[in-house]
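Remember, it's 1-based here, ligands and their atoms both numbered in the order they're listed.
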Amino acid sequence: MKKSIFVLALAALFFVSCGEKKKEEVKEIETVKEEVKETATEVVADNLELGKKLFTEKTCATCHNPDMKVIGPSIKDINKIYNEQNGNIVKFLKGESVAIVDTDPGQVAIMKANLDGFVKDMTGDELAAISAYMRSVK
Ligand code: HEC
């Protein structure tokens, strides 16, 4: 009788400690998950920050205002058309797709001069950051 109680107690202890361990593991996984999420958020934020900076430094901002047409269409108007037509801003900037926002030849030529002039020297990462920034303008 005593022996079986002892065995039971041991078993109980074993299960409790296993449970504790599981809980700790779950906690660790949760912590790692949190960290990954935070890092991802930081990466996205950094990318947007870079995109915003480039948008100004590379003079895009002189022709593209978030809300209203200046020389080029507003960022919001560009987003609207790109959403509707499932367009890809990076592709456009790389010269791999044609203009879909303002197809007036004079206007297209103005933007094309930028693409051929300096946008072609920008890296894929820079263009992706600019696109991410433009897309974030709501
Ligand atoms: C000198 C003025 C000017 C500058 C600088 C300029 N753009 Fe433009 N952009 C235009 C004009 C005009 C249009 C309208 C023609 C068109 O849609 O292609 C346009 C159109 C666009 C479009 C829409 C293209 C489409 O599908 O119709 C995007 C995206 C764009 N510009 C991004 C940029 C980015 C990014 C920069 C900076 C690297 C930039 N622009 C710099 C004048 C400019």
Check whether any side-chain heavy atom of [X] lies under 4.5 Å from a side-chain heavy atom of [Y], and answer yes or no.
X	Y	result
Val36	Lys33	no
Asp46	Leu50	no
Phe55	Ile75	yes
Lys69	Asp77	no

Is it the case that one hydrophobic cluster holds both [X] and [Y], taking links as side-chain heavy atoms less than 4.5 Å apart, direct or via other members?
X	Y	result
Leu48	Ile78	no
Tyr133	Val70	no
Ile110	Val119	no

Mind checking whether [X] contacts ligand 1 via backbone (N, CA, C, O), side chain (CB onward), both or neither, at a 4.0 Å heavy-atom cut-off?
X	result
Ile81	neither
Ile100	both
Ser97	neither
Ile110	side chain
Val101	both

Would you say [X] and ligand 1 have an N/O pair spaced under 3.5 Å apart?
X	answer
Gln107	no
Met111	no
His64	yes
Thr62	no

Out of all atoms in ligand 1, which are within 4.0 Å of some heavy atom of [X]? Include the element for each.
X	value
Ile71	12 (C)
Thr59	5 (C)
Leu93	32 (C), 35 (C)
Ile130	35 (C)
Phe118	38 (C)

Answer yes or no: is there an ion pair linking Asp116 with Lys112, defined by an N-O contact shorter than 4.0 Å?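 Salt bridge: yes.
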
Between Glu24 and Lys21, is the closest basic N to carboxylate O distance under 4.0 Å?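 Salt bridge absent between Lys21 and Glu24.
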
Nearest-contact summary for [atom] - protein heavy atom, Å:
atom	answer
atom 36 (C) of ligand 1	Cys60 SG, 2.9 Å
atom 26 (O) of ligand 1	Tyr82 OH, 2.5 Å
atom 16 (C) of ligand 1	Asp102 O, 3.3 Å
atom 4 (C) of ligand 1	Asn114 ND2, 3.0 Å
atom 18 (O) of ligand 1	Ala99 CB, 3.3 Å
atom 13 (C) of ligand 1	Pro73 CD, 3.4 Å
atom 22 (C) of ligand 1	Ile78 CD1, 3.7 Å
atom 2 (C) of ligand 1	Cys63 SG, 1.9 Å

Write down the atom of His64, the atom of Pro73, and the distance for their closest heavy-atom approach.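 Shortest heavy-atom contact: ND1-O, 2.7 Å.
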
Just one of Arg135, Lys138, Glu84 clears the side-chain contact (heavy atoms from CB on, under 4.5 Å) bar with Asn79, so which one?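 Of the listed residues Arg135, Lys138, Glu84, the side-chain contact (heavy atoms from CB on, under 4.5 Å) partner of Asn79 is Arg135.
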
Keeping Glu126 on the side-chain end and Thr123 on the backbone end, is there a donor-acceptor pair under 3.5 Å?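 Yes, the answer is positive, given that a donor and an acceptor are paired below the 3.5 Å cut-off.
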
Please evaluate residues Ser131 and Val90 with respect to the criterion side-chain contact (heavy atoms from CB on, under 4.5 Å), reporting the C-alpha separation (whole Å), side-chain torsions for both, the decisive distance (0.1 Å), and the verdict. CA-CA 6 Å; Ser131 168; Val90 173; 3.7 Å; yes

